[in-house]
A.B. asks: 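Structure in structure tokens, see below.
These numbers come from a predicted model, not from an experiment. Order of the sequence lines sets the chain letters (A, B, ...), proteins ahead of strands, with each chain counted from 1.
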Protein chains: 2
Amino acid sequence: MKERCLNVAQTCMFNKTRAISRYVTNLYANALKDVGVTPVQFSMLTAVQLISNANVNNLSNALMMDRTTLNRNLKPLVRDGFIDIQESTDRRERKISITQEGKEVYEKGYKKWEEAQRELEEVIGTEDWLTMNSLFDTIIARIK
Amino acid sequence: MKERCLNVAQTCMFNKTRAISRYVTNLYANALKDVGVTPVQFSMLTAVQLISNANVNNLSNALMMDRTTLNRNLKPLVRDGFIDIQESTDRRERKISITQEGKEVYEKGYKKWEEAQRELEEVIGTEDWLTMNSLFDTIIARIK
DNA sequence: TGATAAAATGTGCATATACACATAAAAGGA
DNA sequence: TCCTTTTATGTGTATATGCACATTTTATCA
């Protein structure tokens with residue numbers, strides 16, 4: 001039924017969320033292109049610096065990311081020497097920390113991140129940017 | 001610098017967008033679990049029913065999805081017999097259409113989609129749901 | 001017509017995502 | 001202590017995403 005499809009196309013919150021997410025992701029990815037980290041990796045470097053002695057669970061909770069997703073996403077960062085993983089006294093867990101090289105790449109990334117934030121605000125418009133900000137904070141508080 | 005990281009953690013629009021996108025995706029995915037299609041596949045079945053004689057470009061534009069992403073996402077739908085791809089007189093392009101089996105699965109999916117919409121509205125709250133709706137429509141109009 | 005430009009699509013590669021299942025180690029209790 | 005439960009993590013599989021690069025076919029124009 002065309003009627004139903006039209007309804008979905010016009011009102012589906014998944015579609016809208018996902019389309020916007022793709023756009024936002026690409027905007028930040030382009031900004032970080034020459035830095036050497038993806039937006040997701042940048043956010044992981046943020047969290048690992050904020051949580052001292054972080055393990056996989058701590059980070060996945062902080063980033064609201066699936067544990068197994070975060071676990072896999074760590075690998076490129078380890079490979080590139082941006083984060084370091086060490087054993088813990090509790091031999092079940094692993095301690096995750098940022099390296100010196102990771103800190104350096106974060107400095108570069110931070111500047112580009114600021115540019116991306118400004119660029120997105122321009123695209124969306126300051127008024128809607130503020131609306132989006134407070135709305136998202138409210139939603140995140142709900143789903144956390 | 002902890003200051004910078006705190007700033008990113010609290011204000012990064014990429015982080016917020018992505019976290020919400022993950023939550024919304026999972027909510028719709030769980031709703032559609034027993035139907036046999038993912039949320040992205042459901043949205044593709046929607047578009048293909050709305051656009052007669054669609055080709056890859058048409059669909060990717062309608063869904064605001066990268067052309068190559070859409071191309072790959074077609075494959076599970078073809079494999080499962082939900083869409084059909086045929087040659088065109090213009091031999092560069094391919095014509096994409098929904099099958100009878102695809103229509104049947106869409107009927108089942110539509111009911112679950114309605115439930116997901118209601119569930120998300122409940123989680124977010126009706127007032128913010130409406131805000132989100134109009135905000136997203138505005139943003140999508142901007143970035144399209 | 002013949003060369004060039006444009007259009008439509010496909011592929012290799014890398015990252016991102018999450019469920020189901022499995023393993024290993026610590027904690028708790030009888 | 002020994003058994004059970006909980007905790008922390010890892011792996012297999014499948015989908016989703018987009019850039020860079022390539023191919024094929026159509027359109028354009030001198």
Side-chain angles (χ1 to χ4, degrees), chain A residues 14-15 17-44 53-61 63-80 82 85-96, chain B residues 14-15 17-44 53-61 63-80 82 85-96:
Chain A
F14 166 78
N15 274 1
T17 304
R18 195 87 174 188
I20 291 171
S21 173
R22 282 191 292 259
Y23 178 85
V24 170
T25 298
N26 292 340
L27 189 149
Y28 283 77
N30 288 333
L32 289 169
K33 190 173 44 184
D34 297 329
V35 177
V37 288
T38 66
V40 168
Q41 290 169 357
F42 184 76
S43 74
M44 290 171 67
N53 264 317
N55 62 21
V56 171
N57 271 335
N58 299 151
L59 287 182
S60 67
N61 287 334
L63 292 166
M64 303 178 73
M65 195 182 288
D66 184 86
R67 178 185 64 74
T68 67
T69 299
L70 185 121
N71 184 46
R72 283 182 217 269
N73 290 354
L74 285 174
K75 292 183 179 175
L77 290 169
V78 173
R79 180 200 60 200
D80 297 340
F82 300 151
I85 301 183
Q86 284 166 347
E87 290 188 357
S88 169
T89 49
D90 183 339
R91 287 166 58 197
R92 287 173 300 183
E93 69 172 358
R94 302 185 302 158
K95 294 299 189 187
I96 303 162
Chain B
F14 166 79
N15 274 2
T17 304
R18 195 88 173 188
I20 291 171
S21 174
R22 280 191 293 260
Y23 178 85
V24 170
T25 298
N26 290 341
L27 189 148
Y28 284 77
N30 287 333
L32 289 169
K33 192 172 44 185
D34 297 328
V35 177
V37 287
T38 66
V40 168
Q41 290 168 357
F42 184 75
S43 73
M44 289 170 67
N53 263 317
N55 62 21
V56 171
N57 272 335
N58 299 152
L59 287 182
S60 67
N61 286 333
L63 293 166
M64 300 179 73
M65 195 182 290
D66 184 86
R67 177 184 64 74
T68 67
T69 300
L70 184 122
N71 184 46
R72 282 184 218 270
N73 290 354
L74 284 174
K75 291 183 180 174
L77 290 170
V78 173
R79 180 200 60 202
D80 296 340
F82 300 152
I85 301 184
Q86 284 166 346
E87 290 187 357
S88 170
T89 50
D90 182 339
R91 285 165 58 199
R92 287 174 299 184
E93 69 172 359
R94 301 186 302 157
K95 293 300 188 186
I96 304 161

A.B. asks: For D:dT7, does the base pair up with any side-chain atom of A:Arg92 as donor and acceptor (N or O, under 3.5 Å, distance only)?
C.D. replies: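 Check passes, donor-acceptor contact within cut-off.
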A.B. asks: Does B:Asn57 place a side-chain N or O at less than 4.0 Å from the phosphate oxygens OP1/OP2 of C:dT9?
C.D. replies: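 It does, given that an N or O in the side chain of B:Asn57 lies less than 4.0 Å from OP1 or OP2 of C:dT9.
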A.B. asks: Roughly how many Å is it from CD in B:Glu87 to P in C:dT9, rounded to a whole number?
C.D. replies: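 One finds 13 Å between P of C:dT9 and CD of B:Glu87, rounded.
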A.B. asks: Does OP1 or OP2 of C:dA14 have a side-chain N or O of A:Arg79 closer than 4.0 Å?
C.D. replies: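 So the side chain of A:Arg79 is outside the cut-off, no N or O lying under 4.0 Å from OP1 or OP2 of C:dA14.
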A.B. asks: Just verifying a value: how many Å separate B:Met44 CE and B:Met65 CE, rounded to the nearest 0.5 Å?
C.D. replies: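 Reported value, rounded in 0.5 Å steps: 6.0 Å.
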A.B. asks: Would you please confirm or rule out a distance under 4.0 Å between OP1 or OP2 of D:dT17 and any side-chain N or O of A:Arg22?
C.D. replies: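 For A:Arg22, the contact criterion (side-chain N or O under 4.0 Å from OP1 or OP2 of D:dT17) is met.
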A.B. asks: Identify, between A:Gln41 and A:Asp90, the residue whose nearest nucleotide on DNA chain C lies closer to the 5' end.
C.D. replies: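 Result of the comparison: A:Gln41.
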A.B. asks: For C:dT17, does either OP1 or OP2 sit under 4.0 Å from a side-chain N or O belonging to B:Asn26?
C.D. replies: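 No, B:Asn26 has no side-chain N/O under 4.0 Å of OP1/OP2 on C:dT17.
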A.B. asks: When you measure from the side chain of B:Lys75, which nucleotide among D:dA8, D:dC19, C:dT11 comes out closest?
C.D. replies: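 Closest of the options to the side chain of B:Lys75: C:dT11.
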A.B. asks: Would you mind telling me which of C:dT15, D:dT9, C:dT17 lies closest to the side-chain atoms of A:Glu93?
C.D. replies: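 It is D:dT9.
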A.B. asks: Is B:Lys33 touching bases, backbone alone, or none of the nucleic acid, heavy atoms closer than 4.0 Å?
C.D. replies: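 Since no nucleic acid heavy atom lies under 4.0 Å of B:Lys33, the category is nothing.
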A.B. asks: Just to be sure I understand the rule, does B:Arg72 reach a base, reach only the sugar-phosphate, or reach nothing, if contact means heavy atoms closer than 4.0 Å?
C.D. replies: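 Base contact - B:Arg72 has a heavy atom under 4.0 Å of at least one base atom.
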A.B. asks: Want to settle it: does A:Asn58 or A:Phe14 sit nearer the 5' end of DNA chain D, counting the closest nucleotide to each?
C.D. replies: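 This one resolves to A:Asn58.
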A.B. asks: Using a heavy-atom cut-off of 4.0 Å across all strands, would you classify B:Thr89 as base, sugar-phosphate, or nothing?
C.D. replies: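 Contact class for B:Thr89: sugar-phosphate only.
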A.B. asks: Under 4.0 Å from OP1 or OP2 of C:dA18: is there any side-chain N or O of A:Thr69 that close?
C.D. replies: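 Affirmative; the distance criterion is met.
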A.B. asks: Mark yes or no for a side-chain to base donor-acceptor pair under 3.5 Å between A:Arg94 and D:dG10, with no hydrogen or angle criteria applied.
C.D. replies: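 Not at all, since no donor on one side and acceptor on the other fall under 3.5 Å apart.
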A.B. asks: Can you check whether B:Asn71 has a side-chain N or O nearer than 4.0 Å to OP1 or OP2 of C:dT9?
C.D. replies: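 False: B:Asn71 side-chain N/O out of range (4.0 Å or more) of C:dT9 OP1/OP2.
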A.B. asks: Between C:dT9 and B:Thr68, is there an OP1 or OP2 to side-chain N/O distance shorter than 4.0 Å?
C.D. replies: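 For C:dT9, OP1/OP2 do not have a side-chain N/O of B:Thr68 under 4.0 Å.
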A.B. asks: Please tell me which of A:Arg91 and A:Arg67 maps to the more 5' nucleotide of DNA chain C, matching each residue to the nucleotide holding its nearest heavy atom.
C.D. replies: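 By nearest-heavy-atom nucleotide position, the 5'-most residue is A:Arg67.
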A.B. asks: Rounded to whole angstroms, how far apart are CG on B:Leu59 and P on C:dA8?
C.D. replies: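 Going from B:Leu59 (CG) to C:dA8 (P), I get 13 Å.
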A.B. asks: Over how many whole Å does the gap from A:Met64 atom CE to C:dA16 atom P extend?
C.D. replies: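 My rounded result for the distance is 18 Å.
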